[in-house]
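All remarks here apply to the structure that follows.
All heavy atoms count here, side chains included; hydrogens, waters and symmetry mates do not.
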Amino acid sequence: MKLYNTLARKKEEFIPANGNNVSMYVCGITAYDLCHIGHARSSVVFDVLFRYLRFKGYDVTFIRNFTDIDDKIIKRANEVGKDTKEIAEQFIGEFYVDMDKLAVLRADVEPKCTEHIAEMIALTTRLIEKGNAYSTLSGDVYFKVRSFEGYGKLSGRNIDELESGARVRPGDEKLDPLDFALWKNAKPDEPSWESPWGMGRPGWHLECSAMSEKYAPLPLDIHGGGQDLAFPHHENEIAQSEADTGKPFANYWVHNGFVQINSEKMSKSIGNFFTIRDILDKFLPETLRYFLLTMHYRSPLDFSFDALEEAEKGIKRIYSALAQADVELTKSKWKKSPFPEELITELAEIEKHWNEAMEDDMNTAGALGHVFSAIRLAGRVSEDKNLRKSEGGRDLFTRIKADMAAWGTVLGIFECDPVEFLTELRDNRAARAGIDPAKVQGLLDARKEARANKDFEKSDAIRDELAAMNVEVKDTPTGATWDVQ
RNA sequence: GGCGACAUAGCCAAGUGGUAAGGCAGAGGUCUGCAAAACCUCCAUUCUCCGGUUCAAAUCCGGAUGUCGCCUCCA
């Protein structure tokens with residue numbers, strides 16, 4: 001497949017360094033608060049990449065870390081009077097609650113920063129020995145940015161330009177304003193660990209280098225994260241790891257685009273952010289996941305509840321088609337009537353296009369477009385009285401269902417029973433619209449009786465009453481069903 | 001100020017050299033007691049604008065305009 005490599009600034013053919021084995025490291029969350037939609041996007045994007053690589057037959061080692069010690073966690077812990085470990089554990093738990101709902105798979109290795117202090121100290125020691133880092137009198141250790149030749153290659157930054165913009169804080173003991181902390185000496189009331197430089201704690205960038213080296217042979221095949229991590233976080237990781245090992249750190253750098261609100265970056269400092277919980281109070285998790293996949297992973301994605309409702313219509317239509325295919329397939333007798341070859345060809349084309357879209361830098365938006373082509377094809381066959389009863393029709397429905405199952409496994413959607421999903425979706429929408437399902441059912445029963453008596457005037461009056469409640473009635477051969485308008 | 005991304009129909013959105021996927025909304029039709037769903041048909045001679053390269057450009061190059069991001073914690 002092709003992947004856009006931030007390092008090369010273009011799409012490149014993805015070739016793993018070790019044959020069938022693929023290593024993938026993605027920067028996970030800092031556990032100090034509930035996850036927002038941006039976390040959802042990043043998690044879902046790399047989950048699909050993980051799933052797709054496995055689908056293609058690679059033996060993937062997926063590493064996603066948790067940052068469980070950091071300024072923000074300390075701040076939060078102080079605010080609520082807990083220790084940092086409690087805070088981190090609490091929000092790692094909340095992360096799993098959200099991610100399980102969104103069908104984000106667990107990574108193979110989910111290392112925590114505080115469980116790798118020894119590795120980080122060892123790495124820092126090596127960097128000092130190699131002349132890439134230095135300790136200060138107060139017990140900080142800094143990475144000497146100018147000692148690493150490739151600094152800036154990932155984010156396209158020039159070291160001298162960075163220098164001119166770098167801020168110098170009072171009291172800094174850095175030899176150069178660009179230098180960044182590997183180890184911070186302990187301040188009072190902060191968690192700290194023993195080190196050759198005294199009590200202290202690791203700098204943020206260090207954990208990813210130390211844990212990557214521990215859990216995968218370098219170079220990593222894929223290193224991912226949100227776009228904003230490219231600089232300085234990933235740039236610093238490269239400096240640390242490459243200075244240490246002399247090997248390239250990662251071959252393919254994959255960065256997902258941001259979630260925006262009204263075309264503006266969603267961020268805590270602006271205050272325009274939604275947590276995953278905010279969304280799941282109103283919408284099904286699969287609606288959110290589907291929505292996130294309707295845009296290419298590198299594009300900015302503008303979030304709104306209106307856009308989510310539109311996505312909901314899309315996923316509803318797909319599940320409706322799956323339900324219809326199930327209905328068709330309940331038949332026990334199939335006719336040996338002729339079946340047009342071009343419909344088979346059309347499905348084969350759709351399968352090919354789906355594949356091409358995913359191969360081309362994981363284009364889930366394009367792939368979903370082809371999903372609709374497949375369900376429209378199924379719809380056309382089920383509409384034709386002869387075709388839907390033929391063995392050819394049966395085979396086509398069966399094949400489309402198999403395709404949808406395979407695609408669904410990769411995308412992490414369409415995996416529910418269609419009828420159950422549609423019922424769940426309807427109840428979800430009803431709850432959002434403030435509709436009482438019991439009341440609807442009562443009116444539906446009354447309408448059924450009126451219809452049995454051929455009292456269509458009353459029947460239609462009830463339909464109007466339901467319509468006024470934003471409920472639409474559908475008459476089917478097996479009775480009336482309802483949905484939210 | 002430095003670096004970078006993006007600009008496609010009413011809206012959302014694929015598409016990196018070969019003549020504009022898909023979804024939503026809208027119009028007409030089939031079906032239906034009436035509806036709904038589903039299906040069929042229609043809905044961008046054109047991709048922000050101006051130049052250039054090419055037999056051929058939404059796609060490549062230059063410029064303009066606009067929007068956004070990174071350069072500080074951030075997915």
Paired nucleotide for B:C3 [Watson-Crick or G-U wobble; both distances under 3.5 Å]: B:G69
Any base atoms under 4.0 Å from A:G226, or only sugar-phosphate, or nothing? Heavy atoms, all strands. sugar-phosphate
What contact category does A:S299 fall into here, base, sugar-phosphate, or nothing, at under 4.0 angstrom with non-hydrogen atoms? sugar-phosphate
Any donor-acceptor N or O pair under 3.5 Å, side chains A:E420, A:Y319: no
Salt bridge (charged side-chain N to carboxylate O under 4.0 Å, His left out) partners for A:D228, two or more places apart: none
Please state how far atom CD1 in A:I462 lies from atom C1' in B:C34, giving the value in whole angstrom units. 14 Å
Could a donor-acceptor pair under 3.5 angstrom be found where the side chain of A:D384 meets the base of B:C39? no
Sugar-phosphate, base or nothing in reach of A:D475, heavy atoms under 4.0 Å: base
Hey, would you say the A:F283 and A:F291 ring centroids sit under 6.0 Å apart? no
When you measure from the side-chain N and O atoms of A:W482 to the phosphate of B:A36, is any distance below 4.0 Å, counting only OP1 and OP2? no
Could you check which of B:C70, B:A21, B:A75 has an atom nearest any side-chain atom of A:H39? B:A75
Over how many whole Å does the gap from A:R463 atom CZ to B:A37 atom C1' extend? 12 Å
With a 4.5 Å heavy-atom cut-off, do A:R157 and A:E235 have their side chains touching? no
Is there a donor and acceptor pair, one atom on the side chain of A:D228 and one on the base of B:G69, closer than 3.5 Å? no
What is the nucleic acid contact for A:A307, judged by heavy atoms within less than 4.0 Å: base, sugar-phosphate only, or nothing? nothing
Would you say the side chain of A:R41 and the base of B:A75 hold a donor-acceptor pair, judged only by whether the two atoms sit under 3.5 Å apart? no
Could you list, one pair per line, each protein nitrogen or oxygen that sits under 3.5 Å from a nitrogen or oxygen of nucleotides 59-68 of chain B, together with the distance?
unit_1: B:C68; atom_1: O2'; unit_2: A:Q260; atom_2: NE2; d: 3.0

Compile the donor-acceptor pairs under 3.5 Å between side chains in residues 26-42 of chain A and protein atoms, sequence neighbours left out, one pair per line.
unit_1: A:D33; atom_1: OD2; unit_2: A:K268; atom_2: NZ; d: 2.8
unit_1: A:H36; atom_1: NE2; unit_2: A:H39; atom_2: ND1; d: 3.4
unit_1: A:H39; atom_1: ND1; unit_2: A:H36; atom_2: N; d: 2.9
unit_1: A:R41; atom_1: NH1; unit_2: A:G257; atom_2: O; d: 3.0
unit_1: A:R41; atom_1: NH1; unit_2: A:F258; atom_2: O; d: 3.1
unit_1: A:R41; atom_1: NH1; unit_2: A:S299; atom_2: O; d: 2.7
unit_1: A:R41; atom_1: NH2; unit_2: A:H296; atom_2: O; d: 2.9
unit_1: A:R41; atom_1: NH2; unit_2: A:Y297; atom_2: O; d: 3.4
unit_1: A:R41; atom_1: NH2; unit_2: A:S299; atom_2: O; d: 2.7
unit_1: A:S42; atom_1: OG; unit_2: A:N256; atom_2: OD1; d: 3.3

Remember a base hit wins even if backbone is also touched, and classify A:V259 as base, sugar-phosphate or nothing at under 4.0 Å, heavy atoms. base
Close N/O contacts between protein and nucleotides 23-29 of chain B (under 3.5 Å):
unit_1: B:G23; atom_1: OP1; unit_2: A:R376; atom_2: NE; d: 3.2
unit_1: B:G23; atom_1: N2; unit_2: A:E310; atom_2: OE2; d: 2.8
unit_1: B:C24; atom_1: OP2; unit_2: A:R317; atom_2: NH1; d: 3.3

Does the side chain of A:T275 come under 3.5 Å of the side chain of A:D278 through a donor N or O and an acceptor N or O? yes
When you compare the side chains of A:Q324 and A:E328, does any donor N or O come within less than 3.5 Å of an acceptor on the partner? yes
Do any side-chain atoms of residues 310-318 of chain A form donor-acceptor pairs under 3.5 angstrom with protein atoms, and if so which ones, sequence neighbours left out?
unit_1: A:E312; atom_1: OE1; unit_2: A:R429; atom_2: NE; d: 3.2
unit_1: A:E312; atom_1: OE1; unit_2: A:R432; atom_2: NH2; d: 2.9
unit_1: A:E312; atom_1: OE2; unit_2: A:R432; atom_2: NH1; d: 3.0
unit_1: A:E312; atom_1: OE2; unit_2: A:R432; atom_2: NH2; d: 3.3
unit_1: A:K316; atom_1: NZ; unit_2: A:D483; atom_2: OD2; d: 2.6

Would you indicate what A:K454 reaches in the nucleic acid, counting non-hydrogen atoms under 4.0 angstrom: base, sugar-phosphate, or nothing? nothing
Are any of A:N363's side-chain N or O atoms less than 4.0 Å away from OP1 or OP2 of B:G15? yes
Can a donor-acceptor pair under 3.5 Å be found between the side-chain atoms of A:R157 and the base atoms of B:C70? yes
Would you indicate what A:R447 reaches in the nucleic acid, counting non-hydrogen atoms under 4.0 angstrom: base, sugar-phosphate, or nothing? base
Under 4.0 angstrom, heavy atoms only, what part of the nucleic acid is A:H36 near: base, sugar-phosphate, or nothing? base
A:Y290: what forms a ring pair (Phe, Tyr, Trp, His ring centres under 6.0 Å) with it, not counting sequence neighbours? none
Check the distance between B:G22's P and A:E349's CD and give it to me in whole angstrom. 14 Å
Is the phosphate of B:C74, meaning OP1 or OP2, less than 4.0 Å from a side-chain N or O of A:S42? no
Tell me whether A:K75 at atom NZ has more than 12 heavy atoms from other residues, nucleotides or ligands lying less than 6.0 Å away. no
